[in-house]
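First listed ligand is number 1; within each ligand, the first listed atom is number 1.
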Amino acid sequence: MIAVARNQEQTPSLLPERVPRHIGIIMDGNGRWAKARGLPRAEGHRQGTENLRRIIKACVEFGVEILTIYAFSTENWRRPPLEVRLLLNILETVIDRELQELHDNGVQIRHIGRTEKLAPALLRKIHDACEYTKDNRRLILNVAFNYGGRDEIIHAVREIVKAGVPADDITEDMLNQYMYTSGLPDPDLIIRTSGEIRASNFLIWQAAYAEYYFTPTYWPDFDREQLLEALWEYSRRTRRFGKTDEQVKPGEG
Ligand code: FPP
C-alpha cells in the first residue's frame with residue numbers, strides 16, 4: 001500500500017507506507033553552500049534557516065511525529081565570535097518570526113541542551129515559545145541548542161547520583177528518563193547533509209539503533225523531494241535490533 005502526500009504548491013509525491021516516527025537532522029553545509037556561491041557564511045545560514053521552514057512543513061505533511069534538529073552544538077562555541085553571535089541571533093529571529101506559523105501548524109517546540117551560557121533574554125524567549133506551543137500535537141520539534149550528546153549523558157548521570165539512586169537500580173529505562181528526550185521514542189532515522197559521514201555527538205545515546213542517511217547535498221538545498229528520498233531509503237531497510245533476519249517480519253521495524 002502506498003499513500004499519497006499532497007502539498008498545495010507541488011504535485012503529489014509518493015510517500016512510503018512506513019514513515020519514521022522520529023527523525024533527527026544534522027543540518028550541515030551552510031558555510032560550504034555559501035562559499036561555493038562566493039557569498040558570506042551568514043547567507044548560508046540564512047538560506048539554511050529558510051530551508052528548515054520547508055522541511056518542518058514537509059515533516060508535518062508526511063506525518064512525522066518528532067523532528068529533532070541540531071541547531072547549535074556545545075562545540076560550536078569554538079567558532080569565531082562573530083559567527084557564534086550570528087547563530088545565537090538566528091534562534092531568536094526564528095522564534096520572533098516563525099512562532100505563530102509553527103503554532104498554527106500544530107508544532108510543539110521543545111529545547112534540548114544546556115541552558116548555561118545562554119543569555120537570559122534568549123532563555124526567556126525559548127521558554128516562552130515552548131510554553132506557548134506545549135499543547136500542540138501534530139509535530140514535536142526538538143531544537144538541540146547548546147547541545148552535546150556526551151554532555152547530555154554526563155548531565156543525566158549527575159542527576160541520577162544527586163537523586164541518590166543505588167548503583168544496581170540504574171537501567172537503560174532510567175537513563176532514558178533522565179535524558180532531555182525523556183518520554184519520547186528514540187530517533188528512527190538520522191539524516192546528515194553535506195557529505196560528512198559521522199555522528200558529531202548528536203543524540204549518541206538515543207540513536208543506538210537509528211538508521212543513518214547521509215547525502216552530499218548541502219543543507220540549504222536539501223528539499224522536500226530529497227527528504228522523501230531519505231524516507232524511501234529508510235522504508236527499504238530492515239531494522240533488526242540485534243535479532244536475525246529470519247526473526248524479523250518483512251516491513252517490521
Ligand atoms: C551547519 O553549517 C549548520 C549549523 C552550525 C547550524 C545552523 C543551522 C541553521 C541556520 C538552521 C536553523 C537554525 C536554528 C537555530 C533554528 P556549517 O556552518 O557547519 O557549514 P559548513 O560545514 O559548510 O561550514
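Considering only non-hydrogen protein atoms, atom 13 (C) of ligand 1 sits nearest to Ile90 CG2, 3.8 Å. Taking atom 15 (C) of ligand 1 as the reference point, the nearest protein heavy-atom neighbour is Ala71 CB, 3.6 Å. Nearest to atom 5 (C) of ligand 1 among the protein's heavy atoms is Arg79 NH1, 3.8 Å. Nearest protein heavy-atom neighbour of atom 2 (O) of ligand 1: Asn30 N, 3.3 Å. Of all protein heavy atoms, the one lying nearest to atom 22 (O) of ligand 1 is Arg32 NH2, 3.0 Å. Looking only at protein heavy atoms, the nearest one to atom 20 (O) of ligand 1 is Gly31 N, 3.0 Å.
Contact annotation: Ser194 has no heavy atom less than 4.0 Å from any atom of ligand 1.
Note: no N/O pair closer than 3.5 Å links Trp219 and ligand 1 by distance alone.
Checked for salt-bridge contact, Asp221 and Arg37 meet the test: a charged N lies under 4.0 Å from a carboxylate O. Using a cutoff of 4.0 Å between basic side-chain nitrogens and carboxylate oxygens, Glu50 and Lys57 are not scored as salt-bridged. Taking 4.0 Å as the cut-off between side-chain N and carboxylate O, Arg54 and Asp223 do not count as a salt-bridged pair. The residues Glu196 and Arg32 are annotated as salt-bridged, a charged nitrogen and a carboxylate oxygen being separated by less than 4.0 angstrom. We find that Glu101 and Arg53 are joined by a salt bridge, their nearest charged nitrogen and carboxylate oxygen being less than 4.0 Å apart. Under 4.0 Å is where a charged nitrogen must lie from a carboxylate oxygen, and between Arg237 and Glu233 at least one such pair does.
If you number the atoms of ligand 1 from 1 as listed, the ones under 4.0 Å from a heavy atom of Asp28 come out as 1 (C), 2 (O), 17 (P), 19 (O), 20 (O), 22 (O). Less than 4.0 angstrom separates some heavy atom of Thr49 from each of these atoms of ligand 1: 10 (C), 12 (C).
Here Tyr218 sits in one hydrophobic cluster together with Trp33, Leu39; the rule is ILVMFWY side chains under 4.5 Å apart, joined directly or through other members. Hydrophobic clustering, defined by side-chain heavy atoms of Ile, Leu, Val, Met, Phe, Trp and Tyr closer than 4.5 Å, groups Ile153 together with Val157, Ile160, Val161, Val165, Ile170, Met174, Leu175, Tyr178, Met179, Ile204, Trp205.
The residue Glu92 has no part lying near ligand 1, judged by heavy-atom distances below 4.0 Å.
When Met27, Arg41, His45 are checked for heavy-atom proximity to atom 3 (C) of ligand 1, Met27 turns out nearest. Across Asn76, Ile69, Leu52, heavy-atom proximity to atom 12 (C) of ligand 1 is greatest for Leu52.
Under a 3.5 Å cut-off, the side chain of Asn146 and the backbone N or O of Arg114 do form a donor-acceptor pair.
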